[in-house]
Amino acid sequence: MIFGGHNGYNSFFPDQIEPYDTQNRVILTDIKIYNQPWENYEEK
């Protein structure tokens, strides 16, 4: 498959895609409730 773009052509061959077996980790860096950081949140 060939697609045209702003900078020329891009080729894509679906039959050449290989599986990606690496598991990614989810890392939470911030939690907010009502736009307030978790450590400052008090339930009202």
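Numbers for residues simply follow the sequence, beginning at 1.
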Undergrad: What I'd like to find out is whether the side chain of F3 reaches to under 4.5 Å of the side chain of F12, using heavy atoms alone.
TA: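 Counting from C-beta outward, F3 and F12 do come under 4.5 Å.
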Undergrad: Please name the pair of heavy atoms, one in P14 and one in M1, separated by the smallest distance, quoted to 0.1 Å.
TA: CG-SD, 4.0 Å
Undergrad: Assess whether atom CD1 of I17 is packed by more than 12 heavy atoms of other residues, nucleotides or ligands within 6.0 Å.
TA: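 Yes, because the 6.0 Å sphere around CD1 of I17 holds more than 12 heavy atoms from other groups.
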Undergrad: Does atom CG of N7 have more than 12 heavy-atom neighbours from other groups under 6.0 Å away?
TA: no
Undergrad: Could you go through W38 and L28, starting from their C-alpha distance and side-chain angles, then the distance that decides it, and tell me whether this counts as side-chain contact (heavy atoms from CB on, under 4.5 Å)?
TA: CA-CA 12 Å; W38 174 264; L28 298 177; over 6 Å; no
